[in-house]
Amino acid sequence: QWEGFDVDRIYITPKARTLTPEQFRYSIIHEMAHFISDVDGMPPIDDFAYFHRQRAQYDALSNFKSVRNADCYSRFAFAAIGRGDLPILT
């Protein structure tokens, strides 16, 4: 458990209704990165920095932290389809 929540599921809160479809997809990719990272012996995928909130910190992530940072997976997925410019709510 984490702060009283079961960690074996993804929770979608009412705030999700305020997101555009692309922002919702971005959020789901981010949360899926956390969800699938539960592998024995591997550090979990965490939130070291957010592209849209902590840009300088995000850009300065080490290679190790980049592959262990959930927001990097969302950014990669959207950059891969030519949507690296996606505006994200803060």
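The figures that follow rest on heavy atoms only: side chains count, while hydrogens, waters and symmetry mates do not. On a predicted model such as this, the values are computed, not experimentally measured, just so you know.
- Residues in residues 57-68 take part in these salt bridge (charged side-chain N to carboxylate O under 4.0 Å, His left out) pairs, two or more places apart or across chains: Arg55-Asp59.
- Remark: Ile29 CD1 to Cys72 SG distance equals 13.0 Å, nearest 0.5 Å.
- Counting only residues at least two apart or in different chains, ring-ring contact (aromatic ring centres under 6.0 Å, His included) contacts with residues 68-87 comprise Tyr26-Phe78.
- Listed here is the closest heavy atom pair of Ile45 and His34: O-ND1, 2.8 Å.
- By the side chain to side chain donor-acceptor pair (under 3.5 Å) test, Asp46 pairs with no residue at all, sequence neighbours left out.
- Within the 4.5 Å cutoff, side-chain heavy atoms of Phe64 are placed close to those of Pro43.
- With values rounded to the nearest 0.5 angstrom, Arg53 atom CZ is found 13.5 Å from Tyr58 atom OH.
- Rounded to the nearest 0.5 Å, atoms CG (Asp47) and CD (Gln54) are 9.0 Å apart.
- Under the rule for a side-chain contact (heavy atoms from CB on, under 4.5 Å), the partners of Ser27 that lie at least two apart in sequence or sit in another chain are Leu19.
- A donor-acceptor pair under 3.5 Å is formed between the side chain of Gln57 and the backbone N or O of Phe48.
- Residues forming a salt bridge (charged side-chain N to carboxylate O under 4.0 Å, His left out) with Arg83 (at least two apart in sequence, or on another chain): Glu22, Asp85.
- Looking at Phe24, Tyr50, Phe35 one by one, the single match for ring pair (Phe, Tyr, Trp, His ring centres under 6.0 Å) with His30 turns out to be Tyr50.
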request  = May I have the step-by-step check of side chain to side chain contact (heavy atoms under 4.5 Å, CB included) for Glu31 and Ile12, ending in yes or no?
outcome  = CA-CA 10 Å; Glu31 296 307 326; Ile12 299 173; over 6 Å; no
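- Listed by chain and residue number, nothing satisfies the salt bridge (charged side-chain N to carboxylate O under 4.0 Å, His left out) test with Arg17 (two or more places apart in sequence, or in another chain).
- Considering only heavy atoms from C-beta on, Thr18 comes within 4.5 Å of Lys15 through its side chain.
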